[in-house]
Structures are given as structure tokens and as C-alpha cells.
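Working notes for the structure below.
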Protein chains: 2
Amino acid sequence: MTQPNQKNSHSEIPIACVACHAREGGVCGTLSPSQLAQVVRKTARRRVQPQIEIIGQGDGIEHCAAIVRGVVKLSKMLADGRQQIVGLQFAPDFLGTPFLRECSLSAEAVTNVDLCVFPRALIERLAAEAPDLQRRLHVETLKKLCAARDWMLTLGRKTAKERVANFLYLVATRINFEDGPAREFDLPLSRADIADYLGLTIETVSRQITRLRKEGVIRVENRRRIIVPDIRRLMKNASIDS
Amino acid sequence: MTQPNQKNSHSEIPIACVACHAREGGVCGTLSPSQLAQVVRKTARRRVQPQIEIIGQGDGIEHCAAIVRGVVKLSKMLADGRQQIVGLQFAPDFLGTPFLRECSLSAEAVTNVDLCVFPRALIERLAAEAPDLQRRLHVETLKKLCAARDWMLTLGRKTAKERVANFLYLVATRINFEDGPAREFDLPLSRADIADYLGLTIETVSRQITRLRKEGVIRVENRRRIIVPDIRRLMKNASIDS
DNA sequence: CGAAGATTTGATAACAATCAAGGCTGGTGG
DNA sequence: CCACCAGCCTTGATTGTTATCAAATCTTCG
């Protein structure tokens, strides 16, 4: 990794950002070189291992972050321990909710994750000055809202088999930043996490993966690795329209 | 009520907006008098009856609206007819997703609804000029995202009884703009819609309402009217924390 | 009053959860 | 290198919750 704080001569794009996966497509993409420089000064790169909590449920969240690499799960828990994953975030998604304090959820790395962490206050100040940034953050939130609502349909109305197929489709689609659906990929989640994402038990998840395998919809190389010979067929099993 | 399109002398707040329920708390609240005047010129008041579709699934959405009065359901449907309500919007919520085109869902009035309808393009233009408006819209979207994720927990991990109690709590909380939870209220939805909101069948919804009634958690005056003697008890039955 | 639609209630069936083993895999140490 | 252990995953048996099917009742409205 390049060192975080270098810049080349004429206040160009900071070197730390030049090759950054999360810049194009990510929120940083809207910033001018001078704004980027400003951000970089207050920014910390952080590497997080799987199962490490990034933000706790109910934290007064003083930081935001861009995911540079890896997958983060967002989850909510009931007092008795029942848990629901309410979002999976892949690079180059933005983490954290500037402008809103009250929404309690916890964020945890599920793979090795690289983050660019910013103070919330800085983002809020920059957003007030830069309409493009504000708008970019807004659009990202709208996309998350759309994804959340799609998932509500999955949770409320789909069968166990459809949910599992839907999950596999989602991972295939999002695991590779900015390519089409992957034909072959590693699941970022354990069976337990998949269950928590789908509102099922691990046993049911396991049985449905077995079923999809026996029906030839997927191949299972090992616990984590999945091959999808025909993405349309997977979509049909997930009751995904288009 | 005052008449809709008059203005008083010095380009003050348009009369149509002065007493508007949706202005304070709503997105219009951030607009200056002159911006409001601009908006009012391009705005249509619209009254919509129950079961009338406001936006169709997959429409290229050219309009947005503020809910002035009433309740709107947002829903998604699968090819085979299974349906899930993914959001209930009460006055003074904002409808529509400026800045994002692709999210397909349908919006339908569930009560008599009064709307202020704006061209999407106007909102986008104003938002680019007025950071406060952009920010206000962003915050509203963040709140909807938070609500959607809360509901994912309900759909994924709660029992039928908890879901119904959760729904009753939600209505009690939101039916009266800006008061505390109502002790007594009319359900805006039919049993069929409640079922579609909760990912259940109408029979199960009915049985759970009966159960909550028999246990004394609620009283049922008639099909629509509910009385909640003890809101804390209802929350406990819904497994809502605080 | 009668009819249509909405809601409730009852009986049964299906799907997923739970309880309980058993098997695989990856890591560790002999 | 192999054996063993722990954790994760799969499979099997059974139970329980909710869906489905069916009918009765209640409401509303002409």
C-alpha cells in the first residue's frame, strides 16, 4: 500500500487515492483534488479482520467510512438474541449515516476489510459546501433503500429455496465491483450469517443449497466456493423478474 | 381552509402553503418564500381515493409528491402475484425518488389522500441550488432506510403475533403527525393489506388480532378501530426494545 | 331485506424450526 | 506425514407455526 499522506506537486489527486478502488464509483469520486486533499489529511486507513465489529448497535456514530476492499454486514439484534442482517456492503460502498443519529445497527467485517475512515463532522461540512457530494451520498442512500425494499419482498414473500437462490444471485452480482454477475465466486458469509440474512436457520440454508446443487442450478466446489453454470436459471429459482 | 393560490403582498409564503400540514416537518419547510412561490406555480394539488394507484411499478417516474393528508402504501409484486408492502407513508412524507430512476415499486392510496405533486425535474433543480433542500431530502431518505431495516428485522425474525403487535405499534406511532403514540385509532389498512405488510396471510393476521384482544393487549371496537390501553404492553408483545 | 365483500373461525396440510447425530475440513502437534 | 481435534456444515427425525382450504358470520350499502 502507498503511504496515506503523500501528495505530488500541484495539489493533484493525493497518491493514496489515485489507485483507490473506492474512488471511482465511490463517494470520493465527486471530490475535487483540493477537497480530496482536505479529506486525506483527516482520514485513517484501517484494516479489519473478519468478525471484528466496526460500529456497535446504538453507538453515537462519530465516524463514517468508505469500504476499499472486502464485505461488511449490517445487522440488528433483538433482546433475546435473534438477529437479522439488514444489509451487505461491498466495496466501494459508504458506511455510516451522516445527518442522522438515531438508527441503531451494528456493522461487522465478514472478510478482510480495508476502510478509509472519516470523521462524520468533516463529511457533513464538505457535503454542505459541495452539492455534488451531498447528492452523491443521497443517491447512495436511495440505492440502499431500494435494495432494502427488494430484500423485504424476499423476506416477506419468498420460500426458503427462493431466498437462498436470491442470496447467491446477489453475491454473484455484487462481489466483483463493476463487472457483470460472477459465474464462480466464494461466499463471503458462513452458513450462520446466510441464515441471519435470509431469516432462516442454518439447517434450512444447508438443505436448500443441497437442493439447488442436486437440481443442477449450482455446483458447490467446497463450503465457500459456488459455481453458477446458468445465471438465468438461478434467477428463475429466485423468482427474480427481469 | 384558505384558498389555494392567493399570495399576500410582499412575496411572503404562498397562502396555499401557510396552513399546510406538510410544510413544517415536510420537505417544503426548508424552502424560502420565493422558492416556495416557484414551486407552487408548478404544483398540482391532487385528491386521491383509496385503492387508486399513484405510481405504477416500473413507471418512469416524472413526478414527486408531498403527502398532505392520508396514508400511502408502497408495494412490490412478484410475477405470480405474491405481494409485499415495503413501506407505509403518512403525512407529511415525501413520495418519489428524485436522482434515481431504476427502483420499481408501486404507490397506492389506502385512505383518502391529498397530495402536492411536483415535477421531478423541478425538485432536482431546486435541490442542486438549495443545499438545505438536498439535505432535507437526504435525511428523509435515511429515515426511510432505517425504517425499512427495522421492518426487515420484523419480517425475518419475528413471530406472527409479534409482527401484528409491531404493526399496531407502528400505526399508533405514526397516525398522528407529531404527537406521541395514539391510544385509540383507526387502522388505515384492510386485513389483506396488513397481511401483505407483515408477510402473513389474512387468516393469520385475524387470528393474532383475536389473540391480542383475548389477552387484553388491545381492544377492538370494530374492524378498523383499535384501542391500546397500555402502549408498553403492546411494545413488549412486539419485542420492541426501548 | 338482501347481497357482496370483508373478516373470523375451524380443520388440515405444508414448510421450516428444532432437536440430534454424524461427517467433513482445516489447523495443530506429535 | 499423519492423527486428532474443533468448528462448521450436512443430514435425519420430529415438532410447531403458519399456510391453505372451507365455511360461517359480520358489515356495509343499495
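So that the names make sense, note that chain A is the first sequence line, chain B the second, and so on, each numbered from 1.
Sequence order on DNA chain C of the closest nucleotides to B:Ile202 and A:Ala160 puts B:Ile202 first from the 5' end. Toward the 5′ end of DNA chain D lies the nearest nucleotide of A:Arg224, the other residue of the pair A:Arg157 and A:Arg224 mapping further downstream.
A close approach under 4.0 Å does occur between a side-chain nitrogen or oxygen of B:Thr201 and OP1 or OP2 of D:dA19. Checking the phosphate oxygens (OP1, OP2) of C:dT8, no side-chain nitrogen or oxygen of B:Arg207 falls inside 4.0 Å. Listed pair A:Thr159 / C:dC15 fails the phosphate criterion, with no side-chain N or O lying under 4.0 Å from OP1 or OP2. Taking only side-chain nitrogens and oxygens, A:Thr210 never comes nearer than 4.0 Å to OP1 or OP2 of D:dT10. Residue A:Ser206 places no side-chain N or O under 4.0 Å from the OP1 or OP2 atom of D:dC9.
Salt bridge present: A:Arg225 and A:Asp186 bring a charged side-chain N and a carboxylate O closer than 4.0 Å. Using a 4.0 Å cut-off between a side-chain N of Lys or Arg and a carboxylate O of Asp or Glu, A:Glu162 and B:Arg82 qualify as a salt bridge.
One atom, CG of B:Asp196, and another, P of D:dT18, lie 17 Å apart when rounded to the nearest Å. Atom-to-atom, CD of B:Glu221 to P of D:dT27 comes out at 12 Å; the value is rounded to the nearest Å. A straight line from CG of A:Asn222 to C1' of C:dG23 spans 16 Å, rounded to a whole angstrom. Atom CG in A:Leu198 sits roughly 10 Å away from atom P in C:dA17 (whole-Å rounding). Atom P of nucleotide C:dC19 and atom CD of A:Glu203 are separated by 10 Å, given to the nearest angstrom. For B:Lys158 and C:dA17, the NZ to P distance is 18 Å, given to the nearest whole Å. If you take CZ of B:Arg191 and P of D:dT25, they are 19 Å apart, rounded to a whole angstrom. Rounded to whole Å, atom P of D:dT17 lies 14 Å from atom CZ of B:Arg163.
At the heavy-atom level, A:Leu200 lies under 4.0 Å from the strands shown only through sugar-phosphate atoms. Within 4.0 Å (heavy atoms only), A:Arg223 reaches at least one base atom of the nucleic acid.
At distances below 3.5 Å, at least one donor-acceptor pair connects side-chain atoms of A:Thr210 with backbone N or O atoms of A:Ser206.
Of all nucleotides listed (C:dT9, D:dT18, C:dT18), D:dT18 comes nearest to the side chain of B:Gln208. Between C:dT9, D:dC9, C:dT7, one nucleotide has an atom nearer to the side chain of B:Arg213 than all others, and that is C:dT9.
Contact of the B:Val72 side chain with the B:Leu88 side chain is not registered, since no non-hydrogen atoms from C-beta on lie closer than 4.5 Å.
The aromatic rings of A:Trp151 and A:Tyr197 sit parallel to each other, their planes meeting at less than 30°, with 60° as the upper class boundary.
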